[in-house]
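First comes the structure, then the notes that go with it.
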Amino acid sequence: MLRQSKSPLLSLPGAVPAEGPDEGVAAHYGDPFREQRALADGSGFVDLSHRGVIAVSGDDRLSWLHLLLTQHVSELPPGQATEALILTANGHIEHALSLVDDGTTVWAHVEPGTQEALLAYLESMKFFYRVEVADRTDEIAVVHLPAGSIAEAPDSVVVRETPHGRDLFLPRERLESFAAEHGPAAGVLALEALRVEAHRPRLGLETDHRTIPHELGLIGTAVHLQKGCYRGQETVARVQNLGKPPRRLVFLHLDGSDVHLPGHGAPVRLASDGPDGRQLGFVTTAVRHHELGPIALALVKRNVPVDAALVVGEGTAAAQEVVVEP
């Protein structure tokens, strides 16, 4: 069941509520391009309090998670951020976790509304291990500080630091005071534009029911190839050793003359085939970037030539950049 509460920061001046998977927080606060530039310059913060938060504690937490996740976490040092997936038995991506261990507890934030299914799966796999799993979404809000930010994290707050910025696991009752001290706030549209620019896939947008990690370039970042068994590992190993994924993630520069961005699922075709040609893929996320203009990520068939001119939707011209090699 989807459970997303409305952020108190939607009461800030200019706040426009987000839709879709980011419902519950602000899409922007009046000027998405200004907010993008602020994040790119290392200032401001993004309210991600709609994301789910799972905490795993107990002496066996790391060795236990190591058996379930695609990532090597059995010896994860405190404070070191990592990413991990949970796959289906057929190797399709089911959950994506952004992790950090604080020395006593592993904290993970996940896509909005996925925490309940994730918690149910983790609870079913506890067996005799000394672990406790809890959904902390109602108590903890995720806040993102961009790369280069000199803002100091509040005392006793768990911090997950990555090359793209810092994620804070902030007690919800401190969210409004944090915003007052660390503004200006930027909306999720600004963060999404920087995510697309960085070619970073997101569960539920760049994935569907049959996505495997190789298609999104997640080998080495969220999937560790030198570790023991986990659910779906056979598919990962088979593709790695014997074949290629059926699809690949691409980055698209879109024709800027179109007023509307293509929506999620908009078809991708060869420009030479025209708008009625055979569909070769689909747009996963399209955004307007403050410097690059309209850009997108898309999943296309692996054998689409890397130099092929493409069209998306009703005929918007698109030039591709390789993210995942064919």
Side-chain angles (χ1 to χ4, degrees), residues 52 54 56 60-77 80-101 106 108-111 114-115 117-122 124-127 129 131 133 160 162-164 195 198-251 281-282 284-285 297-304 306 322-326:
I54 296 291
V56 182
D60 294 337
R61 67 190 183 282
L62 292 177
S63 59
W64 176 68
L65 286 170
H66 186 79
L67 299 173
L68 305 177
L69 305 179
T70 57
Q71 187 58 271
H72 197 299
V73 297
S74 60
E75 299 168 0
L76 184 67
Q80 180 174 310
T82 192
E83 297 178 351
L85 307 174
I86 291 177
L87 307 180
T88 69
N90 293 322
H92 302 137
I93 299 174
E94 188 168 60
H95 292 285
L97 297 83
S98 299
L99 303 169
V100 68
D101 184 82
V106 173
H109 65 79
V110 299
E111 283 297 324
T114 66
Q115 64 270 18
L118 174 59
L119 180 67
Y121 171 70
L122 294 176
S124 73
M125 300 299 292
K126 285 171 62 173
F127 302 117
Y129 290 92
V131 293
V133 185
R160 180 179 178 272
T162 77
H164 305 286
R195 177 183 71 81
H199 308 166
R200 299 175 61 213
R202 181 176 171 187
L203 181 76
L205 294 177
E206 278 62 57
T207 67
D208 57 20
H209 67 283
R210 56 193 182 95
T211 305
I212 61 175
H214 287 82
E215 294 178 324
L216 303 184
L218 294 175
I219 306 301
T221 56
V223 179
H224 196 290
L225 294 175
Q226 307 299 321
K227 60 160 289 186
C229 293
Y230 54 87
R231 190 174 68 176
Q233 186 196 24
E234 294 83 358
T235 297
V236 171
R238 183 167 61 251
V239 174
Q240 181 70 19
N241 297 323
L242 300 176
K244 296 283 188 177
R247 303 177 297 182
R248 59 185 179 89
L249 187 69
V250 296
F251 177 78
F282 63 94
T284 58
T285 307
L297 294 174
L299 270 178
V300 301
K301 293 182 181 295
R302 178 175 57 84
N303 59 2
V304 172
V306 298
V322 174
V323 177
V324 175
E325 294 289 341

For Ala96 against Leu203, the heavy-atom pair lying closest together: N-CD2, 3.8 Å
Residue pair Pro213 / Gly91: nearest heavy atoms and the distance that separates them: CD-O, 3.6 Å
Pairwise side-chain contact, Ile93 with Leu216, heavy-atom cut-off 4.5 Å (strictly under): yes
Val323 side chain reached by Arg248 side chain, heavy atoms, under 4.5 Å: no
Distance, nearest 0.5 Å, that separates CD of Glu83 from OG1 of Thr70: 9.5 Å
Full working for side-chain contact (heavy atoms from CB on, under 4.5 Å) between Glu215 and Leu249: CA-CA 6 Å; Glu215 294 178 324; Leu249 187 69; over 6 Å; no
Side-chain (Thr235) to main-chain (Asn90) donor-acceptor, under 3.5 angstrom: yes
Enclosure of Lys244 NZ (heavy-atom neighbours >12, cutoff 6.0 Å): no
Backbone N/O of Ala81 and side chain of Arg160: donor-acceptor pair under 3.5 Å: no
Contact check, side chains of Ile54 and Leu97, non-hydrogen atoms, under 4.5 Å: no
side-chain contact (heavy atoms from CB on, under 4.5 Å) between Leu69 and Leu85, worked out: CA-CA 6 Å; Leu69 305 179; Leu85 307 174; over 6 Å; no
Which atom of His164 lies closest to which atom of Ala198, heavy atoms considered: CE1-CB, 4.3 Å
Leu205 CG to Arg195 CZ distance, which is reported to the nearest 0.5 Å: 5.5 Å
Nearest-0.5 Å distance that lies between atom CG in Leu99 and atom NE2 in His109: 9.0 Å
Leu122 vs Val131 side-chain heavy atoms within contact, under 4.5 Å: no
Single hit among Val239, Thr207, Leu218 for side chain to side chain contact (heavy atoms under 4.5 Å, CB included) with Ile212: Val239
Contact summary for Cys229 and Gln233, nearest pair of heavy atoms: CA-OE1, 3.2 Å
Shortest non-hydrogen separation from Leu118 to His95 and the atoms involved: N-CE1, 3.6 Å
Rounded distance (nearest 0.5 Å) linking atom CG of Leu225 with atom CD of Gln240: 4.5 Å
Student check: side-chain heavy atoms of Val236 and Leu87 closer than 4.5 Å: yes
side-chain contact (heavy atoms from CB on, under 4.5 Å) between His66 and Lys227, worked out: CA-CA 9 Å; His66 186 79; Lys227 60 160 289 186; 3.9 Å; yes
CG-CD distance between Leu62 and Glu75, expressed to the nearest 0.5 angstrom: 9.5 Å
Test item: Thr285 side-chain N/O and Leu297 main-chain N/O as donor-acceptor pair under 3.5 Å: no
N/O donor-acceptor pair under 3.5 Å between Gln71 side chain and Thr221 backbone: yes
Pairwise side-chain contact, His92 with His209, heavy-atom cut-off 4.5 Å (strictly under): no
Shortest non-hydrogen contact from Ser63 toward Asp60: OG-O, 3.1 Å
Side chain to side chain, Val223 and Tyr230, heavy atoms closer than 4.5 Å: yes
Worked verdict on Thr211 versus Glu206 for side-chain contact (heavy atoms from CB on, under 4.5 Å): CA-CA 8 Å; Thr211 305; Glu206 278 62 57; over 6 Å; no
Heavy-atom side-chain proximity of Pro326 to Arg302 below 4.5 angstrom: yes
Main-chain N/O of Glu111 paired to Arg202 side chain as donor or acceptor, under 3.5 Å: no
